Amino acid sequence: MPAIAIDKRQLGTLFPAFIEIDRALAVRSVGPFFRRRKTTVAAGALLPDLFSLGNAAAALAAGEDSPAAMARVIADLAESADRIDLFCRTKGIRLAGMVVPLDDGFMLTMNLLPADYVLDGQNLTFDDFSPYDAAAPALLLVGMQRALLAEARETAVELAQAQAEAVDLLDSVQRLGRYIAHDLNNYLSIISLNATRLGLSPNRDDEDRRHLAAITTASREIADLTLSLQRYSGQPKTATNPIALDEVIASNLAFLATLLPPSITLDFAAGAQGACVRTGRTELISCLTNLIINARDAMHTGGSITITTGQCGDRLMVGVTDTGPGMAPDIAARAFEPYFSSRPGRPGLGLPSVRDYARAIGGEVRLVTAPGAGTRVELTLPHCPAAPRPDNAASAPARVLVVEDEPAALEAMVELLQHSGHQVTAASGAAAAMQAVADTEFDVVLSDIVMPDGSGVDIAAQIADACPATAIILMSGYCPDPAQIAPGWQLLNKPIDLARLDEAIASALRAGPVPA
Amino acid sequence: MYGMVHRAIRQMASEQLGPAGWAIIESEAGSGPAEFISLCVYDDSRTMALLSSAARHLELDMDDALRTLGRYWVRYAEQGPFAAIMDFTGRDLVSFIANLDRMHDAVRMAMPDARVPSFKVVEHDAGALRVRYTSEREGMTMFVIGLFEALLERTGERGTVAPVSGPGNAAEFAITLDRD
């Protein structure tokens, strides 16, 4: 086999830590690894002073760590293809390679052997390794993965903190929502009751009555909105009233159109005239908003969106159809999957929330789409009879104590109940109520719950103990803890109108006292 | 780009504008905590949305924002968990740039979806070097200039960086060293 000629530069590239020694183990020349670092491994130094033998080579030396043993091992290894390992005596450097015999010495073709695959603290660089040494990329890959894991751990903590902040924020918003709902309901009661008072006054002309009807209708719609606010504020079981589907959509069409650029038109084909669905109007509009935003985002070059409604038996149908590009079957199949979106950066919660909404009120949703044929999202919702207008329930005249801290509401309720034939006593708070009960016997106590000088629940409990025959009706714009309402008591949610008030009193009198 | 780039943008903007300023940038860009996961590769439009919003609030035009981010990127990498990798890549300017492709190979192995650029030192002498830059991305010239400027500083050099055209209009950068 012919001899291979290789110069020191090439040798240094292949074996950056090479060490050329003479037969007395004195260093003659070293590779770039040592030269760059200006180490003591330099010409003139003795190899046994710098390194000890490691691994198999140490076994060959039979446990003897002496220059003679090292010389014997190196000479033996020069005759074989076995590996020599050298451990630096002063630093944590390990080298591995082969011993190549020279005429008057040996060439140790050494490469670095990383102590472990942790970059930190080793003070190494790429240039310390041969470009063909797999140890360098392996070392870097492990380092990269460790760094990415360290950042991933930081991210996990950040995500947990963000989640906790989001929960806190939601809690604050819900508390604010409940506070607003409570106050809105109180004010709506005042508006509604006083509008009724005005309506009962003689000498009202048609124009007055038309104005009063407008106030009453607006109050009712705000009351529906307040119910939606209560549901969004952590009271999902808050009752809903039936709403007229076409009327609600038509009255919000202008708002929905504001979601669209001029290149997209919005039309409404109403086909469910007079039909009602039991849901909050805010929830219905929020659902349509999601569908319209989805349709808008699919139509980059403009087009049209049409809302259609219809009735089929006991089901109502609401469809949102766009003239966009439609969806491929694989996208359509995943469209209702939470967090799935075919558009980067979108949360992928629009259609899942539409489905959740439809199912929560006993309905369903389906998708009709194909590439090039647009998309239609169709909700089928249960039809609900319109809410009957409560008749003024006739009840026998009763002795009624009304406890309410809002003067305008108290005055209106007293007057209206007197108009219904009841004998009414007014109390503007808890203390006045207890004084009235001490002086007089009542058939019915009608009390607000949240008052500055005491809770209506506490008043009710004391009266129920003292006068078990007295019927209890509590009123509230927001009941913080419905579990406080004892069996046999009625809870009348504000806003209150005369019909509901009369019905509650009639019902309480019919029911009679709660058995002890 | 990568979550780690998003994190660098966040840190850069937060240092100057505070957490409240960053919250506005994040909100304007429509980003959330899920876009700051280092191992994830995000659509470049998300990165640009963050950077352009940050640029507005830092009162920088987009070129300056890219250059500032390029400079900041080196600082970000050398101070965090990637410090050891920066050291391993090289201690002098030429070695560092020459080894960037090897470092990016490791990035690609750790993050198979990553689209990493390539840097080749095509010429160098005592006073200058010329680096050929290849990337699937366009419009990154100012970012690369910022990157090289920060590397000059990191390796204790002074000098200037200028984009030049290489053969066949390949993107090249001339780095002129100011050595006494």
Side-chain angles (χ1 to χ4, degrees), chain A residues 16 32 36-37 112 114 116-166 169 293 297 339 341-349, chain B residues 2-8 10-11 19 23 26 29-50 76-78 80-92 94-111 114 116:
Chain A
R36 271 198 301 268
R37 288 166 178 260
L112 274 172
D116 54 39
Y117 282 86
V118 179
L119 279 177
D120 301 76
Q122 296 219 41
N123 199 26
L124 298 173
T125 77
F126 263 126
D127 296 331
D128 294 327
F129 295 86
S130 158
Y132 316 105
D133 187 346
L139 198 58
L140 190 66
L141 181 59
V142 173
M144 184 66 69
Q145 286 176 330
R146 281 172 179 266
L148 289 170
L149 279 174
E151 282 211 334
R153 273 195 293 272
E154 283 175 24
T155 310
V157 171
E158 286 165 11
L159 285 171
Q161 283 171 344
Q163 190 179 25
E165 283 167 14
L169 182 63
I293 287 174
D297 291 350
Y339 308 110
S341 175
S342 58
R343 291 182 289 275
R346 299 304 305 268
L349 291 171
Chain B
Y2 325 113
M4 59 185 100
V5 178
H6 290 192
R7 296 172 74 85
R10 179 175 63 182
Q11 190 169 305
E26 202 176 30
S31 290
E35 287 189 354
F36 295 87
I37 299 168
S38 299
L39 278 162
C40 288
V41 178
Y42 301 98
D43 192 272
D44 283 0
S45 63
R46 303 305 311 136
T47 311
M48 287 305 146
L50 277 171
Y76 174 81
E78 68 191 9
F82 299 95
I85 289 164
M86 294 289 281
D87 291 341
F88 188 75
T89 303
R91 293 207 169 75
D92 63 89
V94 177
S95 297
F96 192 97
I97 297 173
N99 286 328
L100 270 174
D101 281 6
R102 297 170 79 183
M103 189 247 262
H104 283 150
D105 285 345
V107 173
R108 207 167 21 218
M109 279 192 276
M111 299 163 63
V116 294

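Quantities reported herein were computed from a predicted structural model and do not represent experimental measurements.
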Where is the tightest heavy-atom contact between B:Pro81 and A:Ala147, given as atom of each residue plus distance? O-CB, 3.4 Å

Can you tell me which portion of B:Met111 sits under 4.5 Å from chain A's heavy atoms? Options are side chain, backbone, both or neither. side chain

So which pairs with a foot in residues 122-132 of chain A pass salt bridge (Lys or Arg N to Asp or Glu O under 4.0 Å), sequence neighbours left out? A:Arg36-A:Asp128, A:Arg37-A:Asp128

Minimum heavy-atom separation for B:Ala110 and A:Met144, please, with both atom names. CB-CG, 3.9 Å

With a 4.5 angstrom heavy-atom cut-off, which part of B:Asp105 approaches chain A: side chain, backbone, both or neither? neither

Quick check on the interface: out of A:Thr125, A:Asp120, A:Leu159, who has the most heavy-atom pairs with chain B under 4.5 Å? A:Thr125

What part of A:Leu139 gets within 4.5 angstrom of chain B, counting heavy atoms only: side chain, backbone, both, or neither? side chain

For the atom pair CG (B:Asn99) and CZ (A:Phe129), what is the distance rounded to the nearest 0.5 Å? 11.5 Å

Do the side chains of B:Arg102 and A:Leu140 get nearer than 4.5 Å, heavy atoms only? no

Apply side chain to side chain contact (heavy atoms under 4.5 Å, CB included) to B:Arg10 and list each qualifying residue two or more places apart in sequence or on a separate chain. A:Glu158, B:Arg7, B:Ser14, B:Trp22, B:Phe36

Step by step, would you call A:Asn123 with B:Arg91 a side chain to side chain contact (heavy atoms under 4.5 Å, CB included)? CA-CA 10 Å; A:Asn123 199 26; B:Arg91 293 207 169 75; 2.6 Å; yes

Smallest separation among heavy atoms of B:Ala84 and A:Leu119, with atom names: CB-CB, 3.8 Å

Applying a strict 4.5 Å limit to non-hydrogen atoms, the region of A:Ala136 in contact with chain B is both

